[in-house]
Each structure stands twice: as structure tokens, then as C-alpha cells.
Amino acid sequence: MNELTEGRPGQRLLMMGNQAIARGALEAGVSVAAGYPGTPSSEIIENLAGVAAAAGIYVEWSVNEKVAAEVAAAASFAGLRSLCVMKQNGVNVASDFLLHLAGGGTRGGMVLVPCDDPGALSSINEGESRHFARLLEIPLLEPGDFQEAKDMIKWAFELSEQIGNLVMVRSVTRLSHASGNVELGPMPDFRPKARFRHTGFILDPRQGAVSSAPVAYKHDLQQQKLEKAQDAFENALFNTYTGPENPELLVITASACNLYCREAIEILGLSDRAGLLKLATTWPLPNNLVGRYLEKTGRVLIVEEVIPFLEENIKILAAELALEIGAKTIHAKRDKTLPSVGEMHPDHVIAALAKIFDLSYEAVSADYTEKAGLCVLAGAPGRDLTFCPGCPHRASYWILHNVLALDNREGFVCGDIGCYSLGMRETGYFSLKTMHAMGSGTGLASGFGKLGPFGMDQSIVAVSGDSTFFHAVMPALVNAVHYNADITLVVFDNSGTAMTGFQPHPGLETDAMGQSAPAVDIEAVCRALGAQTTVCDPFEMDQTRDILLEKVSGKNGVQVVIMRRACALSPARRGRPEYEMYLDPQICIGENCGCNKLCTRVFKCPGLNWDDQNRCARIDEVICAGCGVCASVCPAGAITRKKRT
Amino acid sequence: MQVLGPGDLHREVLETGLCVGCGACIHLCPYFHTWQGKTAMVFSCNRQKGRCHAFCPKTEVDLDALSRLAGLGEYSGDPLGAYQQIFAARAGDAAVRGDFQDGGTVSALIGYALETGRIDAAVLTGKKGLMPEPALVTRVRDVAGYAGSGYAAAPTLAALNQGVNQGYQQMGVVGTPCQMTAVALMRENPMADENFSDPVALTIGLFCTWALDARGLMAFMEKRLPGEEIRKIRIPPPPAEILVAETRNHAVEIALDEIRDLVLQGCGLCPDMTAEWADVSVGAMEQNPGYNTLVVRTEKGRQLTADAAAAGYLEVWDLPQSGRGCLERAAAVKKRRAFGRAVETGRVNSEKIGPAVLRVNARALEKMTAGPGGAHE
């Protein structure tokens with residue numbers, strides 16, 4: 001039984017935030033869901049895809065977030081409810097379309113769920129999607145617990161249809177990936193029919209063409225929609241207040257910070273001195289509601305994650321209301337009461353409250369960091385982030401590193417987003433020298449590749465994953481080909497969106513719902529784009545190195561090398577080791593001149609250990625994935641492999 | 001000569017641009033590789049001592065120590081080094097013919113040494129286009145294919161190390177003075193390896209004034225003679241001051257000044273023109289195209305020369321004293337220049353180890369630096 005579709009109304013289940021969001025969409029009668037994988041958002045689409053057939057909905061992993069938004073918007077234009085899901089970076093990608101969409105409006109309810117990653121636990125920035133709500137002039141909702149994660153999705157669909165525009169429901173890592181009790185609601189039994197009505201008067205929002213033009217007219221309409229949402233927010237039951245009638249301090253918060261504030265107030269025993277206003281509707285703010293609570297006290301603490309979004313909006317409101325409600329002392333990020341980088345934490349809130357109330361409560365002892373550091377140094381083995389045993393990226397970077405070293409012109413790799421971002425670290429032999437957005441590696445390489453006339457004589461390599469290739473590399477590759485940039489693009493094709501959990505992409509023969517789908521061939525695409533293209537196996541190290549060396553050292557415009565080898569964790573591989581590995585300690589040169597522990601000191605597959613007692617390398621049979629690559633790395637021939645039958 | 005580690009070698013020789021790409025550090029380990037004429041350290045190695053450093057002719061060269069290794073006393077500082085005889089020579093009728101640079105003496109000697117089992121393999125240098133490639137040759141008939149000079153620095157000794165790995169035990173090595181220095185260092189077993197046995201049975205040195213950066217030469221020729229296949233490069237004797245590049249149809253003269261920038265920086269600190277640490281040394285014979293100058297240094301070299309001549313592989317004529325003047329003058333100039341630069345940059349008998357430190361006794365130093373172009377100038 002899949003509780004996502006078959007859980008009964010009234011039943012209470014322990015649900016992950018992302019499951020609750022998915023269930024909320026199902027209860028709201030969503031018909032189409034589209035997204036691009038990205039932590040911490042991926043489980044929403046995965047959960048919906050898993051029940052697509054049972055629920056009679058369409059779910060896809062789109063090629064990128066902009067297309068996901070377009071796919072979802074199409075469903076909305078046809079009168080269906082649609083959900084669009086992405087991590088915060090995805091909103092950047094989708095934003096061009098979204099700005100036009102918000103200007104033109106939607107029909108069937110459409111909800112955008114960005115999942116932010118404060119503290120960048122699984123990201124390389126901690127950018128925020130909340131500002132997009134203000135930029136796009138669309139309503140923003142922020143669930144404060146798991147129940148709300150489900151319920152607010154449903155409400156967001158209703159609100160979207162009520163105002164005729166996109167609604168954003170923002171989640172964060174600690175909501176998406178934590179679990180809590182959720183009481184289920186009823187599932188709909190009504191299936192709307194899809195029809196895009198376009199034959200009415202051009203400006204008719206239900207029957208005409210859809211566009212953000214004429215701009216001033218539509219923009220005015222859009223702002224009226226926002227005001228309508230703001231009116232609805234004044235009475236939203238999701239905005240709650242707990243605490244004394246006239247608190248000494250009003251704490252205003254939203255999202256997962258709600259839980260931190262509750263915990264901090266309870267720990268410090270401040271429930272009769274501090275009041276907690278938990279806002280679920282954070283843009284536009286319900287002015288009257290917030291004003292009413294501001295009026296109750298002279299001191300305010302605003303708790304939110306990363307940059308001061310709520311703080312700025314509340315301060316604007318407080319300034320506007322100053323004559324009526326008096327001036328307020330507002331503690332938040334701008335006065336450094338709370339940090340404006342990294343994740344929020346109950347300890348941060350405790351420290352802030354203790355300072356404001358002049359309490360001597362030490363949430364964390366002053367020397368905690370120092371002590372923890374010493375414990376780590378003394379107790380934990382020195383481990384860097386590393387590729388898995390048997391990972392094709394390790395072999396690919398080994399080859400790349402060797403090629404650039406032999407080429408000997410201070411060549412470098414422009415990187416991208418995926419497991420292979422680790423190429424910036426030791427496990428990728430520090431090969432990656434730039435890392436930005438998806439597709440940026442190839443775009444940057446295209447630019448570097450035109451600097452020859454300015455004296456640049458370095459080899460330029462871009463790397464891209466297979467999913468990333470479709471996501472954002474193709475336009476950059478077209479650019480590089482068209483302008484004849486001297487670059488080599490190496491596509492690390494491990495047959496799946498590995499880092500986020502093997503979501504399918506257009507290069508594979510299966511779609512998100514498990515249906516067979518025509519695969520788009522990366523090799524054929526590259527050839528068609530005019531790049532000289534070769535497919536290699538990174539596990540055939542010598543051969544692949546020679547091919548890559550020739551490509552990298554020549555000045556022949558854009559070269560593409562597709563390193564094709566499925567991820568070691570890929571479900572398709574079913575964890576079966578390809579080889580049995582043997583290491584002969586008699587042959588191992590060990591730390592002597594001629595090797596100096598190449599496999600354990602430099603190559604560093606976790607499946608290889610240094611045997612300190614016998615002064616030789618050793619294969620860790622538990623960890624070894626049997627990929628066979630280290631047999632090519634060993635300079636002495638001490639490591640051999642036997643094909644498993 | 002103190003042995004340090006690969007990190008020192010990388011810092012002192014590769015990063016300073018003093019590497020002449022001789023190949024001595026190649027195929028010893030997974031860290032040093034050569035590709036297209038350039039030596040690269042692909043990963044760091046933290047050993048405190050390594051053969052790479054021990055074999056490198058650019059870390060430091062103790063001429064007195066090398067002289068003693070050759071069974072001589074302290075280094076004399078004589079322009080041509082120690083020798084027994086000097087001949088004019090060329091390949092004899094019994095030798096396989098090839099596209100010789102000059103008289104084919106080297107090919108003839110190597111062919112003869114292989115034929116008679118004096119060596120089990122020959123370490124030679126071939127070419128792919130203008131790019132030199134080391135080669136390990138075991139068949140007499142293949143030797144002629146490696147005739148001719150390219151003037152580009154070649155990692156020839158990579159083939160020697162490869163030969164060691166493959167188990168050859170009596171190799172004949174043909175190389176430039178820096179390579180002969182490296183071979184002398186290798187044969188000393190500087191890492192005191194218990195299982196060491198000298199893998200070299202014969203060394204034939206080539207006269208060398210300097211070598212060109214191989215990649216630079218290729219790029220230069222591609223720019224100068226785009227799309228043309230260059231079959232041979234030769235540098236006529238002074239005062240021509242030109243390099244002649246021969247293509248299928250014509251010979252193009254290029255002023256040496258045009259390629260001066262391509263001369264390896266490390267060559268400027270080399271005091272050895274005539275490969276003083278080889279069994280025999282061979283070079284062009286000025287004023288006599290088609291003949292070689294053959295300097296016989298060791299007993300082994302003397303025997304080989306005599307036997308090869310007797311067997312018809314080689315033709316030799318005594319070079320009269322008067323014919324040696326030009327050669328001696330040129331060799332003395334190279335010594336003076338190298339030691340001049342080395343003195344200027346504090347590299348002579350420096351307390352500090354490497355890079356490119358030259359060690360030599362005071363008497364020889366005085367002899368080598370006196371005269372025009374030297375430190376006393």
C-alpha cells in the first residue's frame with residue numbers, strides 16, 4: 001500500500017516534509033507535476049511519480065527548471081492544477097519564464113515549491129527563493145511544520161485560482177527532509193478536463209491569449225491580485241500567535257524557525273514573557289495582522305533563515321505604522337543579534353533571547369568549538385569528501401589530471417554541478433578550478449577558449465554530467481562551436497542524475513513515472529552541434545588518456561569526449577562487482593622509490609588501504625566495488641583482477 | 001653528490017625551467033612522465049630521496065666525482081675532457097646504410113655492437129615529424145632508422161629506464177652530454193640499491209652545443225613553413241650561423257638568431273660539448289661533410305672502434321693535432337660560457353645543493369674560466 005494515495009482521511013502518519021507536500025498536492029487534486037532534481041526538493045516529484053498511475057496524474061523530471069515551470073504552466077493554462085518543484089537554484093533558472101508568467105497570470109491553480117537549503121548542506125550557495133516572490137509579485141507561503149506543509153499546499157492551490165496567479169510555497173531543508181506527524185485529509189474524486197481556451201477577447205483572463213502584455217495594464221492587474229491575496233492573508237488561520245496578551249518581547253518567525261523559536265522559549269521558560277507570532281504568509285505581509293501584534297509591545301525579535309527578508313518587510317511596515325503604534329526596538333540580523341549566514345538553530349535563538357532578557361543561560365559553552373575541534377583532531381580519522389569506491393568520476397579525473405599534467409601548459413578544468421563537483425577536492429585530484437551554476441563550466445570554457453589572441457596558452461577543459469548536459473550545457477556548447485573556441489568538453493556520462501538519487505533524464509529510456517521514453521543521444525547531439533565527438537570508457541584508462549591527450553593538446557576548436565560508465569551505485573548495476581581484485585604484497589613496491597603508495601596516497605579509492613604492519617597496500621574486500629581500475633593504476637602490477645562470472 | 005627527493009627535483013629543476021628533458025627521471029615511477037618533449041611531474045611524491053633526483057643531470061654535477069667514477073683523477077678542465085685518440089670516421093661498407101646526419105659513425109658502432117652481442121639493446125632517438133621519441137632497438141637492421149639529429153631535446157633516457165624494467169642488462173646508450181652525465185650518475189647506484197646491476201655496456205656521446213625546446217621548434221616551423229614536412233634539419237659549421245631545414249622540394253635557411261629563444265635554459269649551464277663521460281663521443285667534422293669526429297675515451301671505446309674498423313663497419317683516420325684546434329676552441333667556449341653564467345649566479349661550488357650547481361676543483365675552474373667569455377673577462 002502506498003500511504004501517499006491510500007492513507008485514509010483523519011489518519012495520522014509520520015511523514016517527511018516533502019511527502020506531506022506531495023500528499024497536499026494530491027489532496028488538492030493536482031493533475032500535472034514537473035520539476036528538476038535538486039536537494040532538498042527531489043522527494044516531492046519522486047513521491048508523486050511513484051503514485052502517478054494510481055492517482056491518474058502526469059509527473060515528469062523536466063530537462064531543467066525553466067522547462068518544468070513551462071510544463072506546469074501549460075497545465076494551468078488548460079485549466080488543470082499543477083505543481084512545479086525545484087531547489088532554490090532552480091528558481092534562478094526558471095525566473096525568466098516565471099516573471100512573464102506572473103505578469104500574464106494563471107488559470108488552473110499553479111503552485112511553485114522551491115526548497116531552499118540554508119547553510120548549503122547540499123548546495124554551493126545558500127541563495128534564497130523568497131526574494132523571487134517579491135520580485136515576481138506573487139504570494140509567498142511558508143509552512144511552519146509538517147501538517148502545514150500538507151495543508152498549505154492545498155490552500156495555495158485555492159488561493160492561486162482565487163487570484164488567477166502563481167503562488168509560491170517555500171520549504172527549507174529542515175522541513176523537507178525532517179519528519180513529523182501529519183493528519184491526512186480527503187482525496188478528490190473529480191478529474192478536470194484539459195482545454196486551453198484562447199478564442200475569447202485577447203485580454204480575457206479566462207478565454208483569451210496568455211501574455212504579460214500590454215505590460216502596464218497586466219502589471220496593474222497583477223498587483224490587484226497581490227492585494228487580493230494580502231486580504232486573504234489577514235484572516236489566514238495559518239498565521240498563529242501564542243503567548244501573553246502584552247508580551248515583553250514579540251518574536252516573529254516563519255518556516256522551520258517556528259520550531260526553533262518554540263523550543264527556545266520553552267527551554268528558557270519565557271512563555272509568559274515572550275509571545276510568538278508565527279507567520280505563514282510572508283509576502284505580502286498581512287499589514288493589519290502584523291500591526292496589531294506590533295502594537296502590543298515595544299520590543300521585537302525576528303527569527304528567519306539566512307538573509308533579512310522578513311526583517312526588512314516588517315521594518316517597512318513598522319515605519320509606516322510608527323505614528324499609530326509607536327517606535328519599536330527590533331532585534332534581528334541587521335543589529336547582529338542573529339547571524340545572516342548559515343542555518344538557523346535553536347541555540348542561536350536561545351542566545352538571542354538570553355541576551356535580550358539578560359538571562360545567564362549558556363546554550364553552548366564558550367569553549368565548545370575549541371573542545372569539539374580537539375575531539376575531532378584526536379578522535380576522528382582524517383577524511384575528506386570522496387567519490388564512492390568504483391566511482392567512474394575518480395577514473396575520469398585521474399585521466400584528466402594526468403592529461404593536463406602531461407600537456408604541461410597549466411591547463412585547467414571548468415566545472416559544474418553534480419557529484420563531479422568534488423573534482424575541486426583531493427578525490428578529483430584538485431582538477432576543477434571553476435564551479436558555478438549548472439552549465440557554467442562549458443560557458444566559462446567557451447570564454448576562456450577565445451583568449452588565445454590575448455596570449456593565453458593553457459588547455460581548457462569543461463566537464464559536465466549527463467543530466468547537466470541537457471539542463472544547461474547545450475546552449476553553451478553551441479556558443480563554443482559557433483565561435484570556434486579551443487576547448488574540450490568532457491561529459492561524465494554515468495547514466496543518471498546520480499547525486500540527487502538516480503532520477504531519469506532525457507538521455508535515458510525511462511521517464512519519471514517508469515514509462516519507456518525515447519532517449520536523446522548525447523553523442524548524436526554533440527555531433528549535430530558540430531563538435532568532434534568521441535565516446536570513451538574511463539575504466540580503459542590508458543586508451544582513454546591517449547584519446548583525451550590528443551584532443552586537449554590540439555588546437556582544433558570544440559572537442560567532446562563522452563566518458564561513459566554507469567555510476568557505481570546505479571540501480572541498473574545492482575551492486576554487482578565486475579571483478580574480483582587481488583593484491584600481491586610480494587610485488588607491491590609500497591613506499592619505496594618507484595611507487596610511494598600511489599594507490600593509497602594519491603589515487604585514494606576507499607577500497608584500498610595501507611597495511612602499516614606489512615608496509616604494503618591491501619584491498620578492503622568489504623568496500624571494494626570490483627571496478628578493476630586500480631589494476632591500471634598500480635605501477636608494479638601488484639594488483640590484478642579476475643572477471644566475475 | 002647529495003640525493004634529495006622528487007619534490008626538490010620538481011621545485012629546483014622543473015619549475016625553474018632548467019630541465020632539459022633528457023628522460024633520466026622517466027619510467028622510474030608513476031610520477032614523472034614525458035610527453036611531446038616536456039617532462040611533467042603528474043602527482044606529488046613526498047619521498048625524501050629518489051632516483052629521479054639522483055639521476056638528474058641538472059640537480060648538481062660534481063665534475064671531480066664524475067672524473068673519479070671514470071677512473072680518472074680530479075677533473076682536468078681540458079676542453080675535450082679525457083680521451084685516448086681522436087679519429088675522422090665514417091660508416092664502413094659492412095654497416096647498414098641510413099639517412100645519416102654526417103658520416104654514420106654512431107649507427108655503424110651501435111650496429112656492430114648489437115651484431116657482436118656486446119650490447120643486448122640500443123637506446124636511441126627517433127623522430128615523429130620533428131618530435132623526438134626515445135627508442136629501444138634490438139635488431140641491427142632497425143638501427144639506421146634512428147640515424148640523424150633533430151636538434152630538439154629528446155627524452156632518450158626514458159628508453160634506458162624502460163629497458164631496465166624489461167630486463168635488458170647490457171644496453172648501449174647514444175645520447176647528448178647531459179644524458180651521458182645522467183647515465184654516469186645512474187651507473188653509480190646512488191640510491192645504494194642492493195639489487196642493482198649496471199645495465200649499461202656501452203655509451204656513445206654526441207657532440208652538443210645546445211638543444212632546442214621540441215614543442216617550440218615544432219611551433220616555429222609550423223609558423224615558418226606551414227603545412228610542410230621537414231625531413232632533415234642541419235646546422236652547418238660556423239661562421240654560417242644558420243639552420244637549414246630541408247623539405248621535400250627545397251632547403252630553407254633560418255638564421256640561428258631566430259631560434260635562439262628556443263634554446264633550453266638548462267643548456268646555458270652545461271659545460272660539456274663533447275660528452276666527456278661516454279666511452280666514445282661523436283660529432284660532425286667541420287669542413288668535411290660526410291665524416292665524423294670520433295673521440296675515443298675509454299678502453300672499451302678503443303676496443304670497439306678497433307674491432308668495428310677491422311670488421312669493415314667503420315672507416316677511421318687519425319685526426320692530426322692541427323685538426324683538433326677548432327673542436328677544442330668550441331668546447332672551451334662552451335665551458336667558459338657555462339662556468340661564466342654559473343659563477344655569476346652563484347652556482348659554482350655553492351654550499352647550497354642544486355639546482356644546476358657545478359662542483360669542480362679550483363685548478364680546473366681557473367683553466368675553464370680564463371679567456372674570452374669567461375668569468376674573468
Side-chain angles (χ1 to χ4, degrees), chain A residues 394 397-411 426-431 452 457-459 541-542 545-556 587-604 610 617 630-639, chain B residues 3-7 9-10 14-15 17 19 21 25-55 128 131 155 158 161-162 164-166 186 189-196 213-216 218-219 222-223 226:
Chain A
R394 179 178 288 104
Y397 273 124
W398 182 263
I399 295 165
L400 252 177
H401 178 94
N402 274 284
V403 163
L404 290 175
L406 291 176
D407 178 61
N408 215 338
R409 291 184 291 151
E410 276 187 38
E426 191 181 26
T427 192
Y429 316 110
F430 305 108
S431 307
D457 176 32
Q458 290 164 282
S459 298
M541 281 192 153
D542 294 345
R545 183 199 57 209
D546 291 348
I547 291 170
L548 196 60
L549 201 44
E550 197 181 308
K551 298 263 185 187
V552 165
S553 62
K555 285 215 174 281
N556 305 308
I587 301 176
C588 175
I589 303 173
E591 60 213 316
N592 294 320
C593 185
C595 180
N596 193 17
K597 310 203 278 191
L598 183 72
C599 67
T600 57
R601 192 181 59 85
V602 184
F603 182 63
K604 277 200 159 172
W610 175 249
C630 56
S632 316
V633 170
C634 177
I639 304 177
Chain B
V3 177
L4 298 178
L9 180 64
H10 183 247
L14 291 182
E15 288 194 332
C19 175
C25 60
I26 310 299
H27 291 310
L28 297 172
C29 71
Y31 300 99
F32 288 93
H33 290 267
T34 179
W35 192 68
Q36 301 240 312
K38 264 197 154 178
T39 302
M41 187 178 189
V42 297
F43 287 108
S44 75
C45 170
N46 58 358
R47 282 186 54 84
Q48 298 304 302
K49 284 182 176 208
R51 289 172 291 171
C52 53
H53 189 280
F55 296 172
K128 200 172 174 186
M131 190 55 72
N161 290 329
Q162 211 162 23
V164 172
N165 295 340
Q166 290 171 15
M186 287 176 184
N189 188 19
M191 293 283 284
D193 180 356
E194 291 166 12
N195 304 319
F196 178 84
D213 173 68
R215 292 188 190 187
M218 278 186 79
E222 181 55 38
K223 213 168 160 185

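Residue numbers begin at 1 in each chain, while the letters A, B, ... track the order of the sequences.
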- Is there a donor-acceptor contact under 3.5 Å from the side chain of B/Arg47 to the main chain of A/Glu591? yes

- Message: I'd like to check the side chain to side chain donor-acceptor pair (under 3.5 Å) partners of A/Asp407; sequence neighbours left out, ordered by chain and number.
- Response: A/Arg409, A/Ser459

- Query: More than 12 non-hydrogen atoms from neighbouring residues, nucleotides or ligands closer than 6.0 Å to CD on A/Glu550, yes or no?
  - Reply: no

- Ranked by heavy-atom pairs below 4.5 Å to chain A, first place among B/Cys52, B/Cys45, B/Ala40 goes to B/Cys45

- Give, for atom NZ of B/Lys49 and atom SG of A/Cys593, the distance between the pair rounded to the nearest 0.5 Å. 11.5 Å

- Message: Just checking A/Glu410: does its CD atom have more than 12 heavy atoms from other residues, nucleotides or ligands closer to it than 6.0 angstrom?
- Response: no

- Note on the structure: Of the listed B/Cys29, B/Gly50, B/Pro30, the one with the largest count of heavy-atom pairs under 4.5 Å with chain A is B/Pro30

- Task: Kindly indicate whether the side chain of A/Leu406, heavy atoms from C-beta on, has any atom under 4.5 Å from the side chain of B/Lys38.
- Result: no

- Examine distances only and state if a side-chain atom of B/Tyr31 and a backbone atom of A/Cys595 form a donor-acceptor pair shorter than 3.5 Å. yes

- Item | Expected output: side-chain A/Asn408 to main-chain B/Thr39 donor-acceptor under 3.5 Å | yes

- Message: Need one label for B/Asn165: side chain, backbone, both or neither, based on atoms under 4.5 Å from any heavy atom in chain A.
- Response: neither

- Message: So for atom CD, which belongs to B/Gln48, do other residues, nucleotides or ligands contribute more than 12 heavy atoms lying within a distance under 6.0 Å?
- Response: no

- Engaged part of A/Ile589 at the chain B interface, taking heavy atoms whose separation is under 4.5 Å: neither

- Query: Which of parallel (below 30°), tilted (30 to 60°) and perpendicular (above 60°) describes B/Phe43 and A/Tyr429?
  - Reply: perpendicular

- A/Asn402 CG to B/Trp35 CH2 distance, which is reported to the nearest 0.5 Å: 12.5 Å

